[in-house]
Every structure is written in structure tokens, then in C-alpha cells.
Amino acid sequence: MQSERSHRKDEHVFLAEKTFQQTATAGFDQVRFCHDPLPETAVAEVDLKPDLFGWRWPFFINAMTGGSAQTGQLNAKLGRIARATGLALASGSQTVALAEPALAPTFSTLRENDPDGFLLANIGTSHGVDAGAAAVAMLQANALEVHLNAVQETVMPEGERDFHWAAQLAAIVDASSVPVIAKEVGFGMTRDGLAKLQALGVRYVDIGGRGGTNFAQVENLRRPARDFAYLQDFGQTTCESLLEATAVDGLTILATGGVRSPLDILKALRLGASAVGIAGQVLHWLVQEGEAAAIAHLQAWQDQLALLMAMLGAKDLCALRQVPIVLGPDLTHYAEARGLTI
């Protein structure tokens, strides 16, 4: 019989796809590049390699799933997709496999299908140093995501109710044999939150902004009374969070949440991200069109990134940061209200 934890993994995948929106609300519509009719750049001159972990591409496949027979099959496909595209790949939360070791193969299949790829393990902050090491070992992972999901836990019917996480996170960062990325799961971050993370020794942060998969909505759909609908718009969008991050020096910022096109990737990079994660869009392709189609879409994005960079006159990601942009009124108002320098 399937355990409650394992069943929840299937529910999350079903509801994430059910609530997927092709038009996201992460704020990318509020960021416009200024066009130069003489870009004086060729596609052959473009270097997309980010200054991060030796990655080849400035975007990666972020955490999704694992922990049941069905999600294990999805992870096997994700591993093959990552291998075919050369993209880094993050596991879904491995906490369930730490509690139920029989489920570990639903995660380790990522490594089996992507033996030489860059894999990120994933645990919740409350599970501590030993859990972090076990999650890394399970995947022979190259890095560890530690997710911060207080909003999700609040709405989750069986969620945690003690959010004393700082000491545990500091301990995980200090003890880890691989880089640790503190990751929000869709509710964004402020400069104050980022400064707190930095003070704990965190060097890498995925701001995980609002606008993509909405775990307040997902968990609320699992509640009989649907009584947390008012949290559906809680938190900072991806673009708001990136503006917040400009106020904190010394952190390497990754951005996930509502990325729906290669242009969204470039906008996030222009706003300060070192790399960009995509999850819901990949899951949507995989579920609706299949593994081969997901690979084809991602390869098309890789090709289009170089084309767009040349169009913008940016030969590398440093040059991209110098391309002029205009922010829309909503994002400008947010920055002004928060006292952020644009």
C-alpha cells in the first residue's frame, strides 16, 4: 500500500500540472529590453557559459518530483532529458526517501539516467545535517538545494508548524561537502531575508519567486474546505525578488518562478541572476507531449538564447547586464515603495 507521504508526491504533480498557466505572473512582462538596430554581434561570437559551477548553460531544470512509483518514472525521464540537453538538474524533495528508504530509487534514477551530469539534491531545512549528507549521497549530487517553504507548510494540511530553521540551515551550510543553495519554493525573497541568509553563511540563493507553480494554491486544493485561497497571491514575484537582491552584495543569485520563454531567461539574467531555473514548463511539456518533445523544446530554447543575445548586441552574460532596459509601472512602483535603487 502506498504511504501518505508517497501519495502526496503524486498529488503534487497532478495539481502542479492542473494549475499550470502558459501565461505566468512573475513580472517578466514588466521588463523590456531597449532595441539597438545595430547590435554589431554575430551568433558565433556569443558565449552563454555562466560563471557558476562550471555549467555550460545559464538555465537549468529545477526541482520537481520523486517519492512514488509514478514520480520515479518522471524522474527517470528528467534524467534522460538533462543528459540529452546538457542541463543541470535538481531533484524534488528527498525527505520522503529519507523516511522511507524503499523510495530512494525513485530519486537515484536521476543519476542512473544522467551519470555524468550536474545534479542537485534537495531537502527541507528542518531535516538537518545528516539528512543533507544522505540526500547528496543518494544522488552522488554535485550541490544541495535546501528549500525554505514556510508558506507551503502553512497551507499543507499535514505541514510543519515549527519554523525555527536558521540554526539548522547554518549547520547544513557549514557541514556540507558540496555547495548549498537556499531555495524558496514560489514566494520570493526580500533584501532583509537575503541578508539573514547571508549572515548564516549562505552563498547561493534561489529566490524562487511568485508567478510559476503556486504551492499555496496546490496545497489549498488538498484541503477539504479550500480555506487558504487568500494566500494565492502571497509573496514577491520573481522580478520583484531580483530587484530586492540588487540591494545585497556578495550572494550568487539564481532565479526560478514563472519562466515561460528564452526571453524570460535573459530578463532574469539581466536583473542579476547568475542562472535561471525552470520546472513547471518542463513538467508541462513532459506530461502533455512526452520526453522527446521536452528535449526538442529545451534544445530550441538553447538555440534561441544565442540568437537573442546576438540580437541584443551582447556577446556574453556580462555584456547582457549592460543592455538598457525599461521597467513597467508595477515593477517601478514596487521598487520605489521598497526604497530599491533601479
Side-chain angles (χ1 to χ4, degrees), residues 24-31 52 62-63 124-126 145-156 159-160 162-170 172-173 180-217 219 228 230-259 264 267-277 279 321 325 327-342:
T25 55
F28 292 113
D29 62 314
Q30 291 285 302
V31 182
L52 181 71
N62 214 341
T125 314
S126 63
E145 287 186 339
V146 180
H147 60 264
L148 310 169
N149 64 335
V151 181
Q152 181 187 9
E153 295 287 351
T154 296
V155 183
M156 186 187 300
E160 293 183 30
D162 184 346
F163 305 138
H164 289 97
W165 293 343
Q168 289 276 47
L169 178 58
I172 293 170
V173 171
V180 175
I181 302 166
K183 175 187 183 298
E184 243 298 342
V185 301
F187 304 97
M189 294 200 182
T190 65
R191 59 187 169 191
D192 313 278
L194 289 164
K196 286 182 181 180
L197 293 171
Q198 189 174 41
L200 296 176
V202 172
R203 293 176 54 202
Y204 303 95
V205 179
D206 184 340
I207 48 102
R210 175 168 58 81
T213 302
N214 188 326
F215 278 103
Q217 182 183 22
E219 298 295 355
F228 273 93
Y230 54 81
L231 287 181
Q232 185 165 322
D233 295 326
F234 187 83
Q236 275 60 48
T237 68
T238 304
C239 289
E240 289 169 349
S241 300
L242 285 168
L243 291 184
E244 294 275 356
T246 63
V248 182
D249 294 327
L251 289 174
T252 297
I253 300 297
L254 293 79
T256 303
V259 175
D264 288 347
K267 288 178 180 180
L269 294 169
R270 174 60 182 83
L271 290 178
S274 292
V276 180
R321 297 266 179 97
I325 56 173
L327 301 185
D330 292 344
L331 205 50
T332 299
H333 176 72
Y334 178 88
E336 291 174 348
R338 290 283 296 155
L340 300 171
T341 301
I342 301 177

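Atom set for the values below is all heavy atoms of this structure, side chains included, hydrogens, waters and symmetry mates excluded.
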So [Y] and [X], do their side chains get closer than 4.5 Å, heavy atoms only?
X: D330; Y: D29; value: no
X: T256; Y: I207; value: no
X: L271; Y: K267; value: no
X: L340; Y: Y334; value: yes
X: Q30; Y: P329; value: yes

Going through the checks in order, is the side chain to side chain contact (heavy atoms under 4.5 Å, CB included) test met by L197 and V248?
-> CA-CA 11 Å; L197 293 171; V248 182; over 6 Å; no
Short question: side chain of [X], backbone of [Y] - any donor-acceptor pair under 3.5 Å?
X: T238; Y: G257; answer: yes
X: E153; Y: E160; answer: yes
X: E244; Y: D192; answer: no
X: R210; Y: G188; answer: no
X: R270; Y: R321; answer: yes
X: Q152; Y: F215; answer: no
X: T125; Y: H147; answer: yes
X: N149; Y: G124; answer: no

Closest heavy-atom contact between [X] and [Y]?
X: L200; Y: A166; value: CD1-O, 3.8 Å
X: S274; Y: T252; value: OG-CG2, 3.6 Å
X: V259; Y: V276; value: CG2-CG1, 3.6 Å
X: A279; Y: A63; value: CB-O, 3.8 Å
X: W165; Y: S126; value: NE1-CB, 3.8 Å
X: G211; Y: A24; value: O-CB, 3.2 Å

So, taking the atom named [atom1] in [X] and the one named [atom2] in [Y], what distance separates them when rounded to the nearest 0.5 Å?
X: L331; Y: L243; atom1: CG; atom2: CG; value: 4.5 Å
X: N62; Y: I181; atom1: CG; atom2: CD1; value: 8.0 Å
X: L194; Y: M189; atom1: CG; atom2: CE; value: 6.0 Å
X: L242; Y: I253; atom1: CG; atom2: CD1; value: 8.0 Å

Side chain to side chain contact (heavy atoms under 4.5 Å, CB included) between T154 and F163, worked out = CA-CA 10 Å; T154 296; F163 305 138; 3.6 Å; yes
Sequence neighbours excluded, which residues qualify as side-chain contact (heavy atoms from CB on, under 4.5 Å) partners of A195?
-> none
So V173 and L169, side chain to side chain contact (heavy atoms under 4.5 Å, CB included) or not? Walk me through it.
-> CA-CA 6 Å; V173 171; L169 178 58; 4.2 Å; yes
Going by the side-chain contact (heavy atoms from CB on, under 4.5 Å) test, name the single residue among K196, E240, R338 that passes it with T190.
-> R338
Are more than 12 heavy atoms from other residues, nucleotides or ligands located less than 6.0 Å from atom CZ of R203?
-> no
Residues V205, L254; criterion side chain to side chain contact (heavy atoms under 4.5 Å, CB included); working and verdict | CA-CA 6 Å; V205 179; L254 293 79; over 6 Å; no
Residues Y204 and E145: side-chain donor-acceptor under 3.5 angstrom | no
Give me the ring orientation class for F228 and Y230: parallel if the planes are under 30° apart, tilted from 30 to 60°, perpendicular past 60°.
-> tilted
